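A short write-up of the structure that comes next.
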Amino acid sequence: MSIDVSVKTLEDEAVLLLSGRIDREAAAELESAWISARATAPSTVLLDFSRIDYINSTGIALIVGFITQARASGVSLRAAGLTEHYRHIFDITRLSDYIEIA
């Protein structure tokens with residue numbers, strides 16, 4: 001498995017603690033964690049990237065899917081723990097226009 005995800009709920013925020021790689025092989029695990037996080041009806045979902053080693057274009061597409069779902073349901077989406085490289089990627093792909101970078 002390319003990714004390990006754990007979900008924690010802190011008051012009105014669900015936190016997805018991500019570890020490993022975000023690529024095609026991570027899709028099922030990420031979707032399952034997203035569903036679990038959304039089941040608590042949080043106002044915010046935080047994606048913690050501090051333990052992510054690699055994100056490819058398919059991984060970016062998965063994140064775009066989360067942005068789309070969050071926006072459709074009125075949930076704020078935040079990202080934390082991005083390296084400078086991935087902050088730059090979020091900026092040039094304009095993901096940072098739709099996800100708050102902590």
Side-chain angles (χ1 to χ4, degrees):
M1 188 178 313
S2 65
I3 193 164
D4 182 45
V5 185
S6 61
V7 179
K8 294 185 179 186
T9 303
L10 306 170
E11 295 182 20
D12 199 27
E13 180 175 69
V15 179
L16 274 67
L17 301 166
L18 310 168
S19 180
R21 301 169 55 97
I22 301 178
D23 55 17
R24 179 180 51 84
E25 294 177 18
E29 184 75 20
L30 282 173
E31 186 62 31
S32 177
W34 179 259
I35 291 168
S36 177
R38 294 287 295 123
T40 65
S43 64
T44 304
V45 175
L46 172 68
L47 304 174
D48 183 344
F49 291 95
S50 60
R51 294 187 185 124
I52 288 297
D53 302 321
Y54 176 77
I55 305 171
N56 68 9
S57 59
T58 302
I60 295 294
L62 293 168
I63 295 164
V64 169
F66 290 157
I67 291 169
T68 302
Q69 292 177 48
R71 288 175 54 96
S73 59
V75 172
S76 297
L77 193 57
R78 298 180 342 134
L82 289 167
T83 64
E84 284 302 315
H85 172 74
Y86 288 117
R87 279 179 178 255
H88 181 69
I89 297 295
F90 274 49
D91 286 340
I92 64 172
T93 59
R94 300 197 56 196
L95 289 174
S96 57
D97 290 354
Y98 303 99
I99 184 170
E100 178 188 340
I101 309 297

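In this text the structure is predicted, and so the values were computed from the model without any measurement.
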### Task
Dump the intermediate steps for side-chain hydrogen bond (donor to acceptor under 3.5 Å, both in side chains) on Ser96 and Asp91, then the final yes or no.
CA-CA 5 Å; Ser96 57; Asp91 286 340; 2.8 Å; yes
### Task
Walk me through it: do Asp4 and Leu18 pass the test side-chain contact (heavy atoms from CB on, under 4.5 Å)?
CA-CA 6 Å; Asp4 182 45; Leu18 310 168; over 6 Å; no
### Query
Given Thr44 and Arg78, is the side-chain hydrogen bond (donor to acceptor under 3.5 Å, both in side chains) satisfied, shown in steps?
CA-CA 7 Å; Thr44 304; Arg78 298 180 342 134; 5.7 Å; no
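Hydrophobic clustering (ILVMFWY, side-chain heavy atoms < 4.5 Å, transitive): Tyr54 and Phe90 are in one cluster. Grouping the Ile, Leu, Val, Met, Phe, Trp and Tyr side chains by contacts below 4.5 angstrom, directly or via other members, places Val5 with Ile99. Hydrophobic clustering (ILVMFWY, side-chain heavy atoms < 4.5 Å, transitive): Leu10 and Leu77 are in distinct clusters. Under the 4.5 Å side-chain heavy-atom criterion for grouping Ile, Leu, Val, Met, Phe, Trp and Tyr, Val7 is not connected to Leu17 through any hydrophobic cluster. Transitive grouping of hydrophobic side chains (ILVMFWY, heavy atoms separated by less than 4.5 Å) brings Val64 and Ile101 into a common cluster.
Remark: Ile22 CD1 to Ser57 OG distance equals 12.5 Å, nearest 0.5 Å. Expressed to the nearest 0.5 Å, how far CD of Glu31 lies from CZ of Phe66 amounts to 6.0 Å. Atom CG of Leu30 and atom CG of Leu62 lie 6.0 Å apart (nearest 0.5 Å). Atom CG of Leu16 and atom CD of Glu29 lie 10.0 Å apart (nearest 0.5 Å). Rounding to the nearest 0.5 Å gives a distance of 11.5 Å between CZ of Arg87 and CZ of Phe49. Once rounded to the nearest 0.5 Å, the distance linking OG1 of Thr58 with CD1 of Ile60 reads 10.0 Å.
Contact detail for Ile3 and Ala26: the closest heavy-atom pair is CG2-CB, 3.4 Å. Ser2 approaches Asp23 most closely through the heavy-atom pair OG-OD1, 2.9 Å.
Under a 4.0 Å N-O distance rule, the pair Glu13/Lys8 does not qualify as a salt bridge.
Side-chain contact between Arg38 and Ser73 is present, with at least one heavy-atom pair separated by less than 4.5 Å. Within the 4.5 Å cutoff, the side chain of Val45 has heavy atoms near those of the Pro42 side chain. Val15 places none of its side-chain heavy atoms less than 4.5 Å from the side chain of Thr9.
Put simply, the side chain of Ser36 never gets that close to the backbone of Ser32: no donor and acceptor are under 3.5 Å apart.
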